[in-house]
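I have placed the structure first, in the form of structure tokens, so that the comments after it can refer back to it.
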Amino acid sequence: MMAPTTDNAGYTGDPGTARSSLEALRAEIAKAVVGQDPAVTGLVVALLCRGHVLLEGVPGVAKTLLVRALASALELDTKRVQFTPDLMPSDITGSLVYDSRTAEFSFQPGPVFTNLLLADEINRTPPKTQSSLLEAMEERQVTVDGTPRPLPEPFLVVATQNPVEYEGTYPLPEAQLDRFLLKLTIPLPSRQDEINVLSRHAEGFNPRDLRAAGVRPVAGPADLEAARAAVAKTTVSPEITGYVVDICRATRESPSLTLGVSPRGATALQATARAWAWLTGRDYVIPDDVKALALPTLRHRIQLRPEAEMEGVTADSVINAILAHVPVPR
């Protein structure tokens with residue numbers, strides 16, 4: 001049995017309590033963000049899988065607040081970068097700075113050296129700057145002047161983009177989209193949720209002061225590490241593996257798509273299903289776990305044919321049709 005570890009905040013990281021600590025995140029984040037439980041769950045799944053998240057939603061639906069609240073509830077360091085057309089790669093990764101007193105160059109770390117990086121409106125910056133995140137996301141390090149520099153652990157990139165405003169944007173290429181574990185959509189709130197939001201603001205809620213809103217750390221890095229170890233032991237039967245493969249292969253044969261899910265996407269779906277199974281209290285994966293994570297894991301890994309798009313077909317509708325068609329293992 002894994003021995004409990006202790007981090008600086010005093011969390012034991014005991015596998016037996018890690019799940020309950022992560023489950024408490026929902027209630028803690030709900031003190032600041034109303035009605036976004038699916039997005040909170042998706043972010044936790046990404047942390048467990050060591051993956052990254054693309055958040056899509058119109059302005060004003062609390063995407064930035066959600067990420068800040070998550071970091072506060074996990075007591076993680078977070079930084080935000082507003083992506084703009086004139087942003088340079090070194091503005092993210094850092095650069096060498098000349099010190100005239102020592103006549104030497106020293107490395108000045110960029111904002112990517114954090115636990116949780118919020119890349120706001122990532123599609124507003126040119127491809128060269130977008131790609132500067134690729135090494136950080138894949139290798140969890142930054143190489144400047146030939147020297148690799150490891151990033152803190154845990155490390156999560158949450159990139160946001162606006163789904164309705166495309167003027168002056170640089171759409172992420174398919175190869176870069178595939179690097180994101182999940183694409184989560186942030187919908188507009190229901191009428192009651194919106195009433196709750198306005199009521200909180202009327203009572204003095206300040207989204208820039210999460211401590212005053214009552215958001216407190218309920219888990220820490222040691223809990224995440226213990227949870228990841230437990231997820232790695234979650235059983236995936238050959239039948240479930242075959243089910244994941246059949247779903248992904250079906251996307252490659254869909255007449256509505258020009259690009260189906262790659263083997264990397266199939267691996268991602270199996271990983272997210274394992275994390276979801278563990279979060280729901282099981283040490284084995286069932287088909288419902290795969291179905292639950294299919295949309296956020298696969299929707300950004302497929303490409304619609306133009307004629308299908310004109311007919312109103314969406315990535316989600318294609319995936320839902322495939323889930324309804326692919327035989328479920330018994």
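Salt bridge annotation for R282-D289: present, with a cationic side-chain nitrogen under 4.0 angstrom from a carboxylate oxygen. Of the charged side-chain nitrogens involved, none lies within less than 4.0 Å of a carboxylate oxygen, so that E75 and R216 do not count as a salt-bridged pair.
Of all non-hydrogen atoms in T297 and G265, the two that sit nearest each other are CG2-O, 4.4 Å. Pairing each heavy atom of V328 with each of Y243, the nearest pair is CG2-OH, 3.7 Å. Minimum heavy-atom separation, W278 to A230: NE1-CB, 3.2 Å. Scanning all heavy atoms of the two residues, the minimum distance from R140 to G51 falls at NH2-N, 4.1 Å. Closest non-hydrogen pair, P111 versus L117, comes out as O-CD1, 3.7 Å. When all heavy atoms of L182 and G42 are compared, the pair lying nearest together is CD1-O, 3.2 Å.
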Determine whether R80 and D120 satisfy the following criterion, salt bridge (charged side-chain N to carboxylate O under 4.0 Å, His left out), listing intermediate values before the conclusion. CA-CA 7 Å; R80 175 180 175 272; D120 224 349; 2.9 Å; yes
Given the rule in the side-chain hydrogen bond (donor to acceptor under 3.5 Å, both in side chains) test, do T234 and D283 qualify, once you have shown the distances and angles that lead to the verdict? CA-CA 5 Å; T234 302; D283 60 358; over 6 Å; no
If you apply the rule side-chain contact (heavy atoms from CB on, under 4.5 Å), what do you find for L74 with V218, and how did you get there? CA-CA 6 Å; L74 283 172; V218 293; over 6 Å; no
Determine whether E56 and K183 satisfy the following criterion, side-chain contact (heavy atoms from CB on, under 4.5 Å), listing intermediate values before the conclusion. CA-CA 7 Å; E56 189 172 87; K183 179 182 178 181; 3.3 Å; yes
side-chain contact (heavy atoms from CB on, under 4.5 Å) for S21 and D223? Distances and angles first, verdict last. CA-CA 7 Å; S21 297; D223 291 306; 4.1 Å; yes
Checking side-chain contact (heavy atoms from CB on, under 4.5 Å) for the pair T272/V290: CA distance, chi angles, key distance, verdict? CA-CA 8 Å; T272 56; V290 178; over 6 Å; no
Given Q161 and E121, is the side-chain hydrogen bond (donor to acceptor under 3.5 Å, both in side chains) satisfied, shown in steps? CA-CA 5 Å; Q161 62 179 15; E121 295 190 291; over 6 Å; no
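Remark: K31 engages E28 in a side chain to side chain donor-acceptor pair (under 3.5 Å) (not counting sequence neighbours).
With rounding to the nearest 0.5 Å, the separation of NZ in K63 from CZ in R68 is 14.5 Å. One distance of note links CD1 of I302 with OG of S254; it measures 7.5 Å at 0.5 Å rounding. Distance check, rounded to the nearest 0.5 Å: CG of L184 to CG of L55 gives 5.5 Å. Within the model, atoms CZ of R19 and OG1 of T280 stand 8.0 Å from one another, a figure rounded to the nearest 0.5 Å. L198 contributes atom CG, which lies 12.0 Å from atom CZ of F205 (distance to the nearest 0.5 angstrom). Distance check: R252 CZ to S262 OG gives 7.0 Å after rounding to the nearest 0.5 Å.
Residues T143 and Q141 are in side-chain contact: their nearest non-hydrogen atoms beyond the backbone lie under 4.5 Å apart. No side-chain heavy atom of I122 sits under 4.5 Å from any side-chain heavy atom of V81. Between N162 and P59, the closest side-chain pair of non-hydrogen atoms falls below 4.5 Å. With contacts defined as side-chain heavy-atom distances shorter than 4.5 Å, the pair L43/V53 qualifies. The shortest distance between side-chain heavy atoms of T160 and V67 does not fall below 4.5 Å. For the pair K128 and P89, the minimum side-chain heavy-atom distance is below 4.5 Å. Between R299 and R301, the closest side-chain pair of non-hydrogen atoms is not below 4.5 Å. Counting heavy atoms from C-beta outward, V61 and P187 have side chains that stay 4.5 Å or more apart.
Side chains of Q108 and S95: a donor-acceptor N/O pair is absent below 3.5 angstrom, by distance only. A side-chain donor from one of T314 and S317 sits under 3.5 Å from a side-chain acceptor of the other. Under the 3.5 Å distance criterion, with hydrogens and angles disregarded, no donor-acceptor pair is assigned to the side chains of Q176 and S131.
T129 contributes no side-chain N or O that, together with a main-chain N or O of T125, makes up a donor-acceptor pair within less than 3.5 Å. A donor-acceptor distance shorter than 3.5 angstrom exists from the side chain of T114 to the backbone of D77, with no hydrogens or angles considered. Listed for the R50 side chain is no donor-acceptor partner under 3.5 Å among the backbone atoms of L48. Side chain of S190 to backbone of D193: a donor-acceptor contact under 3.5 angstrom is found. With hydrogens and angles ignored, the 3.5 Å screen pairs no side-chain donor or acceptor of Q36 with any backbone N or O of A62. Not a single donor-acceptor pair under 3.5 Å links the side chain of H52 to the backbone N or O of R179. Remark: side-chain polar atoms of T251 are paired, donor with acceptor, to backbone N or O of V261 under 3.5 angstrom.
Hydrophobic clustering keeps V144 apart from M88 (ILVMFWY residues linked when any side-chain heavy atoms are closer than 4.5 Å, directly or through intermediates). Residues L76 and L118 fall within the same hydrophobic cluster, defined by Ile, Leu, Val, Met, Phe, Trp and Tyr side chains chained together at heavy-atom separations under 4.5 Å. Taken together through direct or relayed side-chain contacts under 4.5 Å among Ile, Leu, Val, Met, Phe, Trp and Tyr, V34 and L25 form parts of separate hydrophobic clusters. Linking ILVMFWY residues whenever their side-chain heavy atoms come closer than 4.5 Å, directly or via other members, places L269 and L257 in the same cluster. Under the 4.5 Å side-chain contact rule for hydrophobic residues, L96 and V112 share a cluster.
Screening residues 297-330 for ring-ring contact (aromatic ring centres under 6.0 Å, His included), with sequence neighbours left out, gives no hits. Evaluation of the side chain to side chain donor-acceptor pair (under 3.5 Å) test over residues 84-93, restricted to residues two or more places apart or in two chains, returns T84-D86.
Around atom CZ of R200, more than 12 heavy atoms belonging to other residues, nucleotides or ligands sit under 6.0 Å away. Heavy-atom neighbours of R191 CZ from other residues, nucleotides or ligands within 6.0 Å: at or below the threshold of 12.
Aromatic ring centres of F113 and F107: separated by under 6.0 Å.
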